[in-house]
Amino acid sequence: MAGILVAKIALNAATYAIDKPYDYTVPEEVADTLRPGMRVVVPFSAGNRHTEGIVLTLEADRPPEPKRKRILTVLDEEPVLDAKALRLALWMRERWFCTVYDAARAMLPAGLYFSLQDRWVLKEGVDQETALAATGKSEQGRQLVELLFAWGGQADVRQLKEAFGTKDPNPALKLLRDKGVLTLETSASRGVGDKVEQVAALAIPPEEAMAQFTGRRRSAPLQYAVVELLCSLGSASAKELCYFTGASSATLRSLAKRGVLTLEQREVFRRVALPEGVEAAGEPQLNEEQQRAYEGLDQLVRSGQPSAALLYGVTGSGKTQVYLKLIRRVLERGGSALVLVPEIALTPQLLRLFSAHFGDQIGVLHSSLRAGERYDEWKRIRTGEARVVIGTRSAVFAPLTRLQLIILDEEQEPTYQSENVPKYHAREVAKYRCVQEKGLLLLSSATPSVESMYRAKQGLYHLFTLRRRYNERPLPPVEIVDMKQELRSGNGTDLSGALKKRLTEMMERGEQSILFLNRRGASRMVSCGECGEVPTCPRCSVYLTYHSANGRLMCHYCGHSEPLPDACPSCGGALNFIGTGTQKVEEELKQAFPQREVLRMDTDTVSATQTHEKLLARFEREKIPILIGTQMVAKGLDFENVTLVGVISADLSLYAEDYRAGERTFSLLTQVVGRAGRGTKGGAALIQTFTPEHDVIRCAARQDYDAFYAQEIELRRLRGCPPFQDLFVLTASARSEAGALRACMRMRQALESWLRQPPLEQLTLRILGPAPASVVKVNDRYRYRLTLACSNTKQIRALVAELLRCAQADKENRGVSVFADVNPLD
DNA sequence: AGCACGCCGACT
DNA sequence: GTCGGCGTGCTC
């Protein structure tokens, strides 16, 4: 007899402060089938609310503990995470201050997710009178019974809470459960992934709908706006409808209730269709330099020892050829390989190339796959059918077996760092996996992150360099234009005289140009010409930005939107746009070159209908003279006819309060300048800046990474930034500003007192703050933070973890939540 | 976080 | 007496 088993389980309901493996009794019926890595439903906390968990280990119940709670349901037929993956989840908790369950969730495809729904159900054969009798005199009990009978004998927990408003339905529910009138049931339905969209379609003929609503234009303006828009479109995504009309989902629901429209879930994204009929490619041909790199790297893979290398290759040096050959060898030896890219949408050529070399053996994983397809790809990978995985950040968790090689292409890209909990960095996860699997981690870039280059120079990573451009084409001449000078000579626009002159020449020759605006989001603010007031978000401490697509002012933090007012709300003055956006530059270009067409590519013009691929195809086909865009135009574009590349404002990203600002700017400018003159016609680049003497800009203009690195690494050393020290940012958020600030101050005090005595008095640690977060208020919560700069060791991580637990337990911190980030992006 | 328990004042 | 407010402490 095996005896009773006890499972140690990581729970979804546990917050960071109380996260640990919880023990549950394994029911005998499932003792044979349950294994670590399976998900289960268990009762948790005093209310025994049902929560999901993942089994970490199973062991004999010694000594027996009869009153322990039992597992309610087993959700999986086989483990979704293997032993290595579970260890990775535990490591992630330690490294990024998340719960084990948070980590596990990040590792699994969203399509695999269950959404648990708790429902209270009347027991069979109970009639209303007996139920009422069981409630005694309780008013809530009566209300509850009436509701349940009205709703057909069952109600889900959220429905009940809503119906009860401020009152608590729980006591009455517990009473009725104990009297045997009700039971709590949990249904686990496959969660629809977040890439599902609600689509609204008109349910009645447009004429009829308009007839119904014309009279209601005044009384129900939002409903009217929705109906009007739907009449012209027929159907549209709910999100878009709300975006364009300012309606909320409640408006749509009430229209659905009236029978005017139907709402249904539809998956919006398609799988990246692998190019069909691609000819199978043969062994890649390498030049001498590539061959040397390949041989060195292949030897590292074959060593069967964990290793890491940096492949530093200038743009156009053919890093991809090296990847392909390495992966071929890995496959021949029966291993598997993982290739991470910053953004899948920007790499169609790479996908084509990989499918030419590896055909059906490739698997693609990224966030815009449909939930089902993502799940299918995940299964194909797990079964070993797909042995080469190409994907974005989260693909770093791909369940490959016999993993011998992980490649991070453009390893310096910030997209490798997750913005949501857990805020892991794919590079670090990849490093961990390579150690686990005894494989090679290959970081690759034309402009490596300062951290990675430093480690390479320290000898922690093997360094391979590709300096030759494959066609040996010289770098384009780069001109730096001083915009201060322009301003002094009376030109207040974003287009310098030099740029206009170049554009004119270029167009006369029938060639094309790409203009790059170094600014995230390309947003515009509005200010009053009279009183200078700028509209702000009512819930967050940020200015609202104007979106031309829907004519509304929107908050980028909480999504609040309002129509653009006709005049300044406080003084009635005229409103003007401020700041530089792609739209403004587009208008200026149209003014300067009235007969020429300008194509704009930014988040506004790239939408569901206009993918950036389509836009780019149009740019190439129709030879539109000027393409203006943000980040998107910086990557991997290769057009024969583009002979001029211009950077409108090189310095905008330099002023970010982030130690990575220099690196980001350098990398972006280098990529953009590298775009010029890819074809046989040669070309030129032009950089407009207000700080022409800035070293980062001068280095980028010369494409001189080595000089940039030498400069930047000293700066980092001086400032105590990565790679020398990591920044642990503790953020306190609360409804009251004083509360958030106080929590930070108390953390600082606690920390200082710990640092005065053993064993921590030797620790070198700088404490910065408390300081307000870059956006102090988000969604009506104030955020303050404390930054610790220190080398990233187990000891300091344990200290941060302890600090978080203390802050959460601190009675003074009522209503305050505290979390920690490592080297956060903002 | 979320939930129950327990203590206190207000109202039938 | 009961209902509902909020402070306190725990979650296998």
Side-chain angles (χ1 to χ4, degrees), chain A residues 4-27 30 34 36 39-74 93 97-102 105 116-118 120 135-144 156-158 160-162 164-178 184 186 420-422 731-736 739-740 743 779 781 801 804-820:
Chain A
I4 300 296
L5 282 178
V6 50
K8 295 206 177 285
I9 300 175
L11 297 180
N12 185 206
T15 56
Y16 179 75
I18 60 162
D19 184 40
K20 62 178 176 185
Y22 286 87
D23 291 351
Y24 284 88
T25 300
V26 178
V30 298
L34 188 68
R39 292 167 302 166
V40 293
V41 178
V42 296
F44 185 63
S45 186
N48 281 331
R49 56 191 215 279
H50 294 183
T51 184
E52 211 173 295
I54 191 154
V55 177
L56 300 174
T57 56
L58 290 166
E59 45 200 70
D61 188 15
R62 268 184 310 222
E65 179 74 66
K67 57 180 207 261
R68 190 159 27 227
K69 293 184 187 179
R70 291 160 64 87
I71 292 172
L72 295 169
T73 326
V74 178
R93 172 191 150 82
F97 312 101
C98 63
T99 69
V100 173
Y101 203 83
D102 284 336
R105 190 176 22 239
L116 293 190
Q117 281 215 313
D118 286 352
W120 286 96
T135 62
K137 301 179 239 173
S138 152
E139 180 53 37
Q140 253 110 292
R142 271 196 38 211
Q143 198 188 339
L144 185 62
D156 76 71
V157 179
R158 290 187 48 187
L160 277 173
K161 282 230 169 97
E162 256 168 59
F164 270 66
T166 58
K167 294 193 179 85
D168 184 5
N170 278 326
L173 286 166
K174 300 274 142 77
L175 179 76
L176 286 172
R177 182 195 56 195
D178 295 341
L184 180 62
T186 302
N420 335 329
V421 176
T731 306
S733 108
R735 273 280 149 77
S736 100
N779 255 321
R781 290 181 75 90
L804 284 175
R805 276 191 296 269
C806 287
Q808 244 136 68
D810 192 334
K811 290 189 203 355
E812 296 277 301
N813 288 346
R814 187 169 304 288
V816 182
S817 56
V818 187
F819 57 91

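Everything numeric here is computed off the predicted structure, so don't read it as measured data.
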Undergrad: Picking from B:dA4, B:dA1, C:dC12, which would you name as closest to the side chain of A:I18?
TA: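 Taking heavy atoms from C-beta onward, the closest nucleotide is B:dA1.
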
Undergrad: A:V42 pairs by side chain to side chain contact (heavy atoms under 4.5 Å, CB included) with which of A:N12, A:N48, A:T51, A:L72?
TA: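 Only one of A:N12, A:N48, A:T51, A:L72 forms a side chain to side chain contact (heavy atoms under 4.5 Å, CB included) with A:V42, namely A:T51.
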
Undergrad: On DNA chain B, compare the nucleotides closest to A:A46 and A:V816; which residue's is nearer the 5' end?
TA: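 By nearest-heavy-atom nucleotide position, the 5'-most residue is A:V816.
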
Undergrad: Tell me: NZ of A:K69 to C1' of B:dC3, nearest whole Å?
TA: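 Checked: the NZ to C1' distance equals 11 Å.
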
Undergrad: Describe the nucleic acid contact of A:S817 in one word from base, sugar-phosphate, nothing, applying a heavy-atom distance below 4.0 Å.
TA: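 Sugar-phosphate, backbone atoms only, no base.
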
Undergrad: Rounded to the nearest angstrom, tell me the gap between atom CG in A:N813 and atom C1' in C:dT8.
TA: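 These atoms are roughly 15 Å apart.
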
Undergrad: Give the rounded distance in Å between these two atoms: CG of A:L56 and P of C:dC12.
TA: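 So the CG-P distance, A:L56 to C:dC12, works out to 16 Å.
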
Undergrad: What integer distance in Å separates A:F819:CZ from B:dA1:P?
TA: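 Spelled out: CZ on A:F819 to P on B:dA1 is 11 Å.
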
Undergrad: Looking at side-chain heavy atoms only, is the closest gap between A:V26 and A:I4 below 4.5 Å?
TA: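 Answer no - side chains too far apart.
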
Undergrad: Starting from P on C:dT11, measure out to CZ on A:R805 and report it in whole angstrom.
TA: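 Whole-Å distance recorded here is 16 Å.
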
Undergrad: Looking only at the side chain of A:R814 (C-beta and beyond, no hydrogens), which of the listed nucleotides C:dC12, C:dT8, B:dA1 gets closest?
TA: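 So the side chain of A:R814 is nearest to C:dT8.
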
Undergrad: Please report, rounded to the nearest Å, how far the P atom of C:dT8 is from the CG atom of A:D810.
TA: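 Interatomic distance, CG of A:D810 to P of C:dT8: 12 Å.
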
Undergrad: Can you see if the side chain of A:R49 gets near the phosphate of B:dA1 - specifically, an N or O under 4.0 Å from OP1 or OP2?
TA: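 Checking A:R49 against B:dA1: no side-chain N or O falls below 4.0 Å of OP1 or OP2.
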
Undergrad: Just one of A:L5, A:L34, A:T25 clears the side chain to side chain contact (heavy atoms under 4.5 Å, CB included) bar with A:I71, so which one?
TA: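 Per the side chain to side chain contact (heavy atoms under 4.5 Å, CB included) rule, the option paired with A:I71 is A:L34, out of A:L5, A:L34, A:T25.
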
Undergrad: May I ask you to test the A:D23-A:E65 pair for a side-chain heavy-atom distance under 4.5 Å?
TA: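 No; the side chains remain at least 4.5 Å from each other.
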
Undergrad: Reckon A:K811 has a side-chain N or O less than 4.0 Å from the OP1 or OP2 of C:dG9?
TA: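 Yes.
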
Undergrad: Return the value, rounded to whole Å, for the distance between atom CZ of A:F44 and atom P of B:dA1.
TA: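 The answer, rounded to whole Å, is 14 Å.
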
Undergrad: Any side-chain heavy atom of A:F97 within less than 4.5 Å of one from A:Y16?
TA: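 With C-beta onward as the side chain, the pair touches.
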
Undergrad: May I have the distance from A:E812 (atom CD) to C:dT8 (atom C1'), rounded to whole angstrom?
TA: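 It is 14 Å, rounded to the nearest whole Å.
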
